[in-house]
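The structure appears right after this line, and notes come after that.
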Amino acid sequence: MDLLKAVDKNGTPILLINKTRQELADLRQEIFYCPQCNEQVFIRAGEKVMPHYAHFQQSSCPNRHNGEGDYHSKGKAALFQWFSTQGIPVELEYYLSAIRQRPDLLVKWNDCYFAIEYQCAVISPTIVRERTRGYRKAGIFPIWILGENRLKRRGTSQIKTTYFDSLFIQKFTPDTQPQILFYNPVTDLMTSLVSPSPIKSRMYGRLHSWVLSHSGFQHFFLKSQVLNHQIYEYWLNEKKRFRGLRAKYAGSSDRRFISWLYSKGLHPQYLPSEIHLPVTHHFLIETPTYIWQSKILLEIIKPLSVGKTFMYNEVQSTLQSIQIRRPLASIYLEESVAVIEYLYLLERLQILSRVNEYTFRKEKEVVFPRTLEKAINRDSQLLNQLVKLEKQTRLHVK
Ligand SMILES: [Zn+2]
């Protein structure tokens with residue numbers, strides 16, 4: 001591992017960030033030790049490499065080969081600099097003995113401690129969650145930033161993603177939208193995928209980039225400007241893909257879903273437009289929206305006559321087999337949030353009404369389109385209707 005910090009013979013930590021050539025040359029005369037394994041390390045610096053400490057060939061340091069290379073060190077160093085320039089107290093690789101964790105950066109801001117983890121390599125999801133819990137227990141607010149080398153763009157509102165990346169969906173305050181952060185230390189660009197909505201290996205959301213050094217830490221906590229109508233616009237394409245004959249239903253859960261639909265004489269082409277709608281916290285559920293929303297609509301709502309009611313716990317038992325994702329944001333949120341959001345969406349569409357907190361009444365039948373063309377038209381109408389409803393709500397709030 002490229003070390004940015006080592007200790008000298010007196011145990012004083014020495015950072016190589018910001019050192020001049022002469023200072024580096026002077027430091028090379030001294031002896032340094034790895035703060036983790038206490039082995040002797042040496043300074044590596046040159047035209048192309050950022051100055052760092054390295055272990056000797058025969059080293060047995062457990063952290064020597066953890067896969068984090070030069071890109072990771074550069075990012076850590078750049079983030080460290082960024083906090084320092086703002087006058088925010090920051091420590092690099094500070095060992096928190098109470099929880100035995102060493103965050104990349106420990107920051108003190110507005111009387112709060114923040115652990116900044118810059119993650120470029122894949123590690124076990126369990127480690128990610130345990131570290132996050134460790135920080136929370138110690139009263140430290142964790143912020144995970146992925147290396148931008150992990151960001152695979154597919155247009156302006158879609159990225160290709162892995163299960164690992166989707167774990168990093170975070171919410172910094174109850175008011176801010178969920179997001180995933182990516183940082184590129186070469187271009188100094190921070191990119192946020194705001195309001196991410198994962199469907200298998202794709203993730204929709206609004207991609208928003210800014211030059212890190214042009215803004216302060218408070219930028220992380222701004223209420224983001226993503227409006228649902230922006231989401232509805234790209235969701236129409238997703239609906240077309242879902243209904244298309246060329247859609248691939250290859251995975252085992254998709255195959256089970258398709259044969260379950262066949263057993264009811266149905267196909268994705270002819271499902272009501274109210275199935276497969278975006279809800280803000282869908283990312284808490286790994287099962288695709290079209291599967292869990294079909295369960296609710298076809299198993300609970302469709303068999304009911306208009307005017308009859310159902311309870312929320314019936315929905316829960318129908319959804320027992322869905323897969324939960326548990327991203328970082330799930331530390332404060334439960335997957336039921338997404339299910340409730342969907343029921344409220346159906347309420348806004350006047351399919352349901354709420355009798356009380358846990359009881360819903362069916363208000364009208366949903367339409368099963370007879371042709372693909374009709375289905376796509378209805379999808380478009382329904383998403384437009386949601387845009388209008390959202391604009392009205394916002395006017396009322398203002
Ligand atoms: Zn070491």
Side-chain angles (χ1 to χ4, degrees), residues 146 150-172 176-182 191-209 223-244 247 251 253-254 257 268 271 273-297 319 322-330 332-346 348-349 379-380 382-384 386-387 389-390:
L146 293 177
R150 305 203 54 81
L151 177 62
K152 307 274 181 286
R153 293 169 194 264
R154 293 284 180 273
T156 51
S157 53
Q158 198 189 139
I159 66 170
K160 193 173 184 298
T161 178
T162 62
Y163 178 76
F164 179 74
D165 301 324
S166 72
L167 290 175
F168 294 87
I169 300 175
Q170 305 164 79
K171 246 175 112 108
F172 295 150
T176 49
Q177 305 253 19
Q179 60 178 328
I180 307 182
L181 288 168
F182 298 90
T191 300
S192 167
L193 180 76
V194 188
S195 217
S197 188
I199 302 171
K200 293 192 276 191
S201 62
R202 318 186 276 288
M203 188 143 30
Y204 292 92
R206 194 174 71 103
L207 278 164
H208 159 63
S209 297
K223 267 198 190 177
S224 43
Q225 299 293 309
V226 185
L227 301 169
N228 282 334
H229 69 80
Q230 292 171 306
I231 295 165
Y232 298 143
E233 277 161 29
Y234 60 67
W235 201 264
L236 186 59
N237 286 325
E238 171 56 33
K239 301 257 296 174
K240 281 183 189 155
R241 175 202 288 263
F242 166 67
R243 293 201 190 269
S253 65
D254 271 355
F257 171 64
L271 285 178
S273 295
E274 288 81 0
I275 286 172
H276 199 28
L277 290 177
V279 291
T280 311
H281 293 93
H282 157 64
F283 64 83
L284 296 164
I285 300 175
E286 201 189 326
T287 303
T289 35
Y290 49 81
I291 298 183
W292 65 263
Q293 294 181 3
S294 289
K295 296 263 177 205
I296 297 176
L297 214 83
L319 295 182
I322 60 167
Q323 297 244 295
I324 306 308
R325 186 182 305 266
R326 303 201 199 292
L328 297 174
S330 70
Y332 335 96
L333 295 165
E334 281 184 40
E335 69 282 0
S336 58
V337 179
V339 177
I340 296 278
E341 275 170 349
Y342 180 59
L343 294 173
Y344 287 5
L345 194 59
L346 294 178
R348 292 168 81 190
L349 293 168
D379 287 348
S380 161
L382 189 130
L383 290 170
N384 280 331
L386 287 174
V387 171
L389 283 170
E390 193 210 335

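If you read the sequence from its start, that first residue is 1, and numbering goes on from there. The shown structure was predicted, so the numbers you read here are calculated from the model rather than taken from an experiment.
- Inter-residue side-chain proximity for Val279 and Val337 is flagged as unmet; no heavy-atom pair is nearer than 4.5 Å.
- Residues passing the salt bridge (charged side-chain N to carboxylate O under 4.0 Å, His left out) test with Arg202, sequence neighbours excluded: Glu238.
- Rounded to the nearest 0.5 Å, atoms CG (Leu236) and CG (Asp379) are 6.5 Å apart.
- Looking at Trp292, its side chain never comes within 3.5 Å of a backbone N or O of Gln323 through a donor-acceptor pair.
- The line from CG of Leu146 to CG of Asp165 is 6.0 Å long, rounded to the nearest 0.5 Å.
- Expressed to the nearest 0.5 Å, how far CD of Gln293 lies from CG of Leu319 amounts to 10.0 Å.
- Ring-plane geometry between His281 and Phe283 is classed as tilted, the angle between the planes lying from 30 to 60 degrees on a 0 to 90 degree scale.
- Between Leu297 and Tyr342 there is a side-chain heavy-atom pair separated by less than 4.5 Å.
- Residue Phe182 holds its CZ atom at 9.0 Å from CZ of Arg153, rounded to the nearest 0.5 Å.
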Go through Ile199 and Phe242 one step at a time and tell me if the side chain to side chain contact (heavy atoms under 4.5 Å, CB included) criterion holds.
-> CA-CA 11 Å; Ile199 302 171; Phe242 166 67; over 6 Å; no

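- No donor-acceptor distance shorter than 3.5 angstrom exists from the side chain of Glu335 to the backbone of Ile285, with no hydrogens or angles considered.
- With a 4.5 Å cut-off on side-chain heavy atoms, Met203 and Ile169 count as touching.
- Closest approach of Pro196 and Ile180 over heavy atoms only: CG-CG1, 4.4 Å.
- Counting heavy atoms from C-beta outward, Glu334 and Leu284 have side chains that stay 4.5 Å or more apart.
- With contacts defined as side-chain heavy-atom distances shorter than 4.5 Å, the pair Pro268/Arg243 does not qualify.
- Side-chain contact check for Leu151 versus Ile159: some heavy-atom pair is nearer than 4.5 Å.
- Between the His282 side chain and the Pro198 main chain, a donor and an acceptor come within less than 3.5 Å of each other.
- Rounding to the nearest 0.5 Å places OG1 of Thr161 at 10.0 Å from NZ of Lys152.
- Leu382 places none of its side-chain heavy atoms less than 4.5 Å from the side chain of Lys239.
- Taking both residues in full, the closest heavy atoms of Gly155 and Leu207 are given as O-CD1, 3.9 Å, listed atom of the first, atom of the second, then distance.
- Listed here is the closest heavy atom pair of Thr289 and Leu277: CG2-O, 3.8 Å.
- For Pro327 against Ser166, the heavy-atom pair with the smallest separation is CB-O, 3.6 Å.
- Residues Gln177 and Ser195 share a closest heavy-atom pair of OE1-OG, 3.3 Å.
- Here the closest heavy-atom approach between residue Arg325 and residue Tyr163 is recorded as O-OH, 3.3 Å.
- Considering only residues two or more places apart in sequence or on other chains, Ser201 meets the side chain to side chain contact (heavy atoms under 4.5 Å, CB included) condition with none of them.
- Below 30°, between 30° and 60°, or above 60°: for Tyr290 and Phe257 the angle between ring planes is between 30° and 60°, a tilted geometry.
- Between Tyr204 and Tyr234, the two ring planes are parallel [angle under 30°; tilted spans 30° to 60°].
- To the nearest 0.5 Å, the span separating OG on Ser253 from CD1 on Ile322 amounts to 12.0 Å.
- With sequence neighbours excluded, the residues forming a salt bridge (charged side-chain N to carboxylate O under 4.0 Å, His left out) with Lys200 are Asp254, listed by chain and number.
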